[in-house]
Amino acid sequence: MRTLRSRFLPLLARRWQWQWEWQGGGGGGLRRAARCGLCGEAAEEEEGKMESIMKGIRGDNAPCVLDLDDAATVGGGVGDTYGEDCATEEQLVTPWTVSVASGYNLLRDPRYNKGLAFNERERETHYLRGLLPPAIVSQELQERKIMHNIRQYQLPLQKYMAMMDLQEGNERLFYKLLIDNVEELLPVVYTPTVGEACQKYGSIFSRPQGLYISLKEKGKILEVLKNWPERSIQVIVVTDGERILGLGDLGCQCLPITLDVGTNNEALLNDEFYIGLRQKRATGQEYADFLHEFMTAVKQNYGEKVLVQFEDFANHNAFELLAKYGTTHLVFNDDIQAGTGIAELIALEISRQTKAPIEECRKKIWLVDSKGLIVSSRKETLQHFKKPWAHEHEPVGNLLDAVKTIKPTVLIGTSGKGQTFTQEVVEAISSFNERPVIFALSNPTSQSECTAEQAYTWSKGRAVFASGSPFDPVEYDGKIHVPGQANNAYIFPGFGLGVVMSGAIRVHDDMLLAASEALAQQVTQENFNKGLTYPPFSNIRKISAHIAANVAAKAYELGLASRRPRPKDLVKYAESCMYSPIYRNYR
């Protein structure tokens with residue numbers, strides 16, 4: 001499978017790579033103080049509960065994602081355009097581009113280049129004699145050499161740039177490094193380093209990746225999409241760059257498909273190295289028309305079942321886009337459906353376990369925004385997505401007072417603002433909880449609500465802690481505490497694979513619940529004993545296969561899957577759809 005290119009890359013795909021925007025749980029402008037104990041498993045609830053917020057935006061008479069025409073449910077599954085994945089790794093394949101790649105061009109095609117790993121016969125057949133030194137080395141030796149070189153760099157951004165250079169030259173070696181060294185390299189190609197890379201992208205930009213669609217292309221977006229060389233596109237991640245991680249408006253300095261509608265970041269507008277439009281952001285009808293042209297062109301060019309992930313849109317656009325296109329396109333937005341959606345997922349799990357109405361379960365969860373506790377007296381001025389969480393209570397102006405008043409057992413931060421979980425806040429929640437659960441999810445590290453060391457120290461070693469960006473283990477009072485990484489990198493590659501491999505026509509919120517449940521099932525008692533609420537990232541491909549299978553199963557259950565017949569073993573099918581970085585032998 002081929003997706004449009006992102007600035008950092010996950011671990012699974014079929015045929016070609018999945019390339020996703022793995023943003024952490026930052027953003028949303030909200031901090032959550034939850035009364036309930038946080039349960040890792042997601043709820044399998046009757047359809048429509050999580051749809052209620054989107055329904056409110058669409059209108060009472062608007063369709064939901066299950067209102068589909070049977071005529072639309074045809075085809076599906078993961079494509080294999082060139083037949084490569086039908087072959088075993090020992091079988092010969094042809095390095096097709098527009099024509100058969102050979103010679104100098106073959107060495108510069110990152111999909112097929114193997115560097116010194118081309119064998120004697122391949123060098124003869126594909127006109128590589130004299131274009132390579134005589135030595136022939138294995139992919140494993142190449143991997144050891146590259147890892148040795150990367151470890152010599154002192155700055156994370158240098159390592160990031162080295163990895164991106166490798167990806168541009170040799171995709172399979174890039175992914176083999178990432179798969180085999182995921183815990184070491186994920187912080188390089190993902191948060192926290194990717195935040196710095198986004199901020200400095202204009203300065204480090206050398207070769208274009210992905211697509212840049214600016215207001216200059218208005219009326220010609222379909223033509224722009226056709227300029228992308230691959231035709232079998234199954235997943236697209238798109239952003240307008242307005243709310244990148246917890247870093248705000250980064251304009252055109254993010255990937256994979258960037259919709260450049262301008263930027264309100266004065267520093268970028270005045271930066272001589274800025275690569276985007278030098279104008280203020282488009283808003284209102286101009287913005288809406290531009291987005292609509294893009295969404296229409298996507299479906300026209302790539303078909304009904306291309307999955308579009310809305311990434312890092314500001315809230316004032318994100319909810320509207322999801323509500324508008326959720327019933328007509330295969331779309332999701334992890335910042336919403338894993339942002340305020342966190343609160344909804346917890347409420348749904350409480351409802352499932354207690355059989356209590358969802359409205360009553362929401363009352364056990366309290367939200368705090370920049371103006372303080374969200375309460376019913378503020379309802380008239382609240383954004384629509386906050387209104388379900390406006391409970392009866394006197395106004396409370398700040399997080400510390402809210403914690404002291406509500407006495408939560410779980411504190412979840414997605415504010416995008418660093419150090420909001422102060423020592424006083426952590427000590428307060430620790431004063432009435434033996435094991436306070438503290439999740440500082442905002443990314444990158446500089447925007448985390450608190451560090452692992454702070455959480456363990458201020459709670460006297462009693463906190464159950466996880467964060468969006470990675471932190472090193474912490475020793476407190478003679479005990480080593482290993483912080484978890486509560487990051488959507490666990491969920492969304494597997495989620496996307498499950499959607500694509502089932503041929504899903506629409507994304508329903510219950511599919512997100514299914515993904516969360518599958519992740520929770522991968523946490524062992526040994527993990528819990530170490531204070532971990534997430535499984536080790538070293539097992540990410542196994543984890544992702546189970547998530548994909550669970551998502552696909554839910555799609556079939558909801559009648560949204562179009563791939564027929566349903567695979568007998570969805571886990572094995574998911575594994576068979578994953579990308580293999582091993583070099584192939586060429587005819």
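No hydrogens, no waters, no symmetry mates; every other heavy atom, side chains included, goes into these values.
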Worksheet entry | Within the 6.0 Å centroid threshold, strictly below: Tyr127 and Tyr104 | no
Worksheet item: Does Lys145 pair with Glu140 as a salt bridge, N-O distance under 4.0 Å?
Response: no
Worksheet entry | Verdict with reasoning, Glu230 to Arg111, per salt bridge (Lys or Arg N to Asp or Glu O under 4.0 Å) | CA-CA 12 Å; Glu230 301 295 343; Arg111 295 170 298 174; 2.7 Å; yes
Worksheet item: Looking at residues at least two apart in the chain, or sitting in another chain, which of them share a ring-ring contact (aromatic ring centres under 6.0 Å, His included) with His126?
Response: none
Item to complete: Supply the atom-to-atom distance Ile213 CD1 to Glu223 CD, rounded to the nearest 0.5 angstrom.
Response: 11.5 Å
Practice prompt. Give the C-alpha distance, both sets of side-chain angles, the deciding distance and a yes or no for side chain to side chain contact (heavy atoms under 4.5 Å, CB included) between Arg506 and Met511.
Written response: CA-CA 10 Å; Arg506 297 289 180 267; Met511 294 158 69; over 6 Å; no
Worksheet item: Going by heavy atoms in the side chains, are Ser502 and Val551 under 4.5 Å from each other?
Response: no
Worksheet item: More than 12 heavy atoms of other residues, nucleotides or ligands under 6.0 Å from NZ of Lys220: is that the case?
Response: no
Worksheet item: Can you name the residues that form a side-chain hydrogen bond (donor to acceptor under 3.5 Å, both in side chains) with Ser214, not counting sequence neighbours?
Response: Glu217
Worksheet item: Checking Glu293 side chain against Gly219 main chain: does a donor-acceptor pair fall under 3.5 Å?
Response: yes
Worksheet item: Do the non-hydrogen side-chain atoms of Val238 and Glu311 ever get within less than 4.5 Å of each other?
Response: no
Item to complete: Could you tell me whether Arg281 and Glu286 make a salt bridge, using a distance below 4.0 angstrom between a side-chain N and a carboxylate O?
Response: no
Practice prompt. Would you mind checking if Glu575 and Arg541 are paired as a salt bridge, meaning a charged N to carboxylate O distance below 4.0 Å?
Written response: no
Discussion item. Looking only at the side chains, is there a donor atom on one of Tyr573 and Arg563 sitting less than 3.5 Å from an acceptor on the other?
Written reply: yes
Item to complete: Kindly assign one of parallel, tilted or perpendicular to the pair Tyr112 and Tyr586, based on the angle between their ring planes and the thresholds 30° and 60°.
Response: perpendicular
Worksheet item: Any side-chain donor paired with an acceptor under 3.5 Å for Ser469 and Asn443?
Response: yes
Discussion item. What I want to check is whether the side chains of Tyr325 and Asn333 have a donor and an acceptor closer together than 3.5 Å.
Written reply: no
Discussion item. Is it true that Tyr583 and Gln142 share a donor-acceptor pair across their side chains at a distance under 3.5 Å?
Written reply: yes
Worksheet item: With a 6.0 Å cut-off on ring centres, are Phe290 and Tyr287 close enough?
Response: no
Discussion item. On a heavy-atom basis, which atom in Val261 and which in Gln279 lie closest, and how many Å separate them?
Written reply: O-NE2, 4.2 Å
Worksheet entry | Side-chain touch Asp260/Tyr212, heavy atoms, less than 4.5 angstrom | no
Worksheet item: Can you name the side-chain hydrogen bond (donor to acceptor under 3.5 Å, both in side chains) partners of Glu184, sequence neighbours left out?
Response: Arg151
Item to complete: Take Glu242 and Asn264 through the side-chain hydrogen bond (donor to acceptor under 3.5 Å, both in side chains) test and state the conclusion after the steps.
Response: CA-CA 9 Å; Glu242 189 167 7; Asn264 295 333; 5.0 Å; no
Item to complete: Could you check Asn317 against Asn315 for side chain to side chain contact (heavy atoms under 4.5 Å, CB included), going step by step and ending with a plain yes or no?
Response: CA-CA 5 Å; Asn317 290 320; Asn315 281 340; over 6 Å; no
Worksheet item: Do Lys114 and Glu171 meet the salt-bridge criterion of a basic N to acidic O distance under 4.0 Å?
Response: no
Worksheet item: Between Arg231 (side chain) and Trp228 (backbone), is there a donor-acceptor pair under 3.5 Å?
Response: yes
Item to complete: List the atom of Ala548, the atom of Ala574, and the distance in Å for their closest heavy-atom pair.
Response: CB-CB, 4.0 Å
